[in-house]
2 protein chains.
Amino acid sequence: MLTRSNSNTKAYQNVLEKIKDYIQIDQLKPGDKLPSEREMAEELHLSRSTIREGLRAIELLGLIETRQGDGTFLRPYQSYQTLSLLAGFIFQDRETKDNVDDTLVMIEDVIIDLGHIRGSAYIQSKWSGHGYDYWKKRGYKATFEVILSVIDNQLLEKIWYLLYAFYLSIEDKQHIRKVKDLFQSFGVQTTEE
Amino acid sequence: MLTRSNSNTKAYQNVLEKIKDYIQIDQLKPGDKLPSEREMAEELHLSRSTIREGLRAIELLGLIETRQGDGTFLRPYQSYQTLSLLAGFIFQDRETKDNVDDTLVMIEDVIIDLGHIRGSAYIQSKWSGHGYDYWKKRGYKATFEVILSVIDNQLLEKIWYLLYAFYLSIEDKQHIRKVKDLFQSFGVQTTEE
DNA sequence: TATTATCTACTGGTCTGACCACTCTAAAAA
DNA sequence: TTTTTAGAGTGGTCAGACCAGTAGATAATA
């Protein structure tokens, strides 16, 4: 268990909260303009430098965009950008490296189950259309993407991509799952022709 | 002395690069101390405020930790906590929300299944020990953490934390899953006493 | 001597006010 | 009308200041 010590909030963290308020109260949408730094400073009774410290933080996360001489704008986010960032930290932790393999398998189990439920027929036709050898040649990733395409959950897809890519980067093994079994589970013939 | 080295890159971004150098050249490890803000400012020929803008950015990312009167330190790794703050900025479109919701449920299904397999007895005793009301009071997160603790897959745990934190930040509902059902699935009595 | 209290130098946290570079817009000039 | 220009506003950066907290050296104490 981690011990998270102090909890004295710093002034710039209020900036983050305040900006959330701006977004909510003013119903700001991506691309919209935020109040100027000087305005925020006055309204929050903070110095402009403190305001800026808060802005820089969320700018690095890709949530806002600053244009000199123009203003600060909400960005059309890419929420996955943040997920990628977090993934960076997750993978940075060496302890979790060992878990990548396990977790990848788990995630794939989920994906395969969903594939059966939501688009078994489509997957079957797609795979059968080209034949087993075709997908065998195109590789594990392409094959799996067929399932992912019918599930239509971009977040789950992103998680799988991250895990899979990371797995490949730290392991020698090419396939963690028998593609043949995968095909057969969807009722696709795998006999070579 | 004018600065602003022509290109579009902002000065504070150099701070990030420089800190990477510090880490690499000085072979800094988690917990180690970085040069003081004033030192960095002098060495990079930047003002202290600019240095601080860079520091705040990577602080929010959880890379560093600042202690007033002491210094700035490299951090082991980041928890989901700070990022959950930002989740409020990220999710606005319905589609993304649905993705988070769906994915969270999926991940939890996996976790619950694994809980049954790897530590059903432990979970049961843990929950029974304090009684249903205790966990009901402590909340969904604490209850779920019992399952996570026996699974012992930190990556899966972190993914769940991330999704759960995101979920809370975008929804009002406290419980997405009937805790009562969860208890009963592990054979724990839920009758009030 | 061993302990405690105090001082001091240094650190991050914040503020003020300034100047620059840039972008927009509206008034002035063509 | 179109073009030019001047100004106001914005972010980018800076220097210097003061506060608040920490750690280590020093002095005072038991």
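With D:dT22, D:dG11, C:dG12 as the choices, the nucleotide that has an atom nearest any side-chain atom of A:Thr72 turns out to be D:dG11.
In this structure, the CD atom of B:Gln68 is 13 Å from the P atom of C:dC15, given to the nearest Å. Atom-to-atom, CG of B:Leu44 to P of D:dC14 comes out at 10 Å; the value is rounded to the nearest Å. Atom P of nucleotide D:dG11 and atom CD1 of A:Ile58 are separated by 12 Å, given to the nearest angstrom. Atom NZ in A:Lys33 sits about 8 Å away from atom C1' in C:dC24, given to the nearest Å. Taking atom CZ on B:Arg52 and atom C1' on D:dC19, their separation rounds to 13 Å, with Å as the unit. For the pair B:Glu65 CD and C:dG13 P, the interatomic distance rounds to 11 Å; values are reported in whole Å. Rounded to a whole Å, the CZ atom of A:Arg67 is 13 Å from the C1' atom of C:dC22. Regarding A:Glu39, its CD atom lies at a distance of 17 Å from the P atom of D:dA8, rounded to whole Å.
Between B:Arg38 and A:Arg38, it is A:Arg38 whose nearest contact on DNA chain D lies nearer the 5' terminus. Nearer the 5' end of DNA chain C, as judged by each residue's closest nucleotide, is the contact made by A:Ser47, out of A:Ser47 and A:Asp70. Judged by closest nucleotide on DNA chain C, B:Leu34 is the one of A:Leu46 and B:Leu34 placed further toward the 5' end.
B:Ser36 has a side-chain polar atom (N or O) that falls below the 4.0 Å cut-off from OP1 or OP2 of C:dT11. The side chain of B:Thr66 places no N or O atom within less than 4.0 Å of a non-bridging phosphate oxygen (OP1 or OP2) of C:dT11. Close to D:dC14, at under 4.0 Å from its OP1 or OP2, lies a side-chain N or O of B:Thr50.
Remark: the backbone N or O of A:Ile147 is not paired with any side-chain donor or acceptor of A:Lys126 at under 3.5 angstrom. At least one donor-acceptor pair under 3.5 Å links the side chain of B:Ser125 to the backbone N or O of B:Tyr122.
A salt bridge is defined here as a Lys NZ or Arg NE, NH1 or NH2 lying under 4.0 Å from an Asp or Glu carboxylate O, and A:Arg56 with A:Glu59 meets this definition.
Relative orientation of the A:Tyr132 and A:Phe183 rings is perpendicular, given thresholds of 30° and 60° on the angle between their planes.
Applying the 3.5 Å distance criterion, the base of C:dG13 shares a donor-acceptor pair with the side chain of B:Arg48.
Counting non-hydrogen atoms under 4.0 angstrom, B:Ser49 reaches a base of the nucleic acid. Residue contacts shown for B:Leu55 are absent, as no nucleic acid heavy atom lies under 4.0 Å away.
Evaluated for a side chain to side chain contact (heavy atoms under 4.5 Å, CB included) with A:Arg118, the options A:Asp152, A:Asp113, A:Ile151 yield exactly one hit, A:Ile151.
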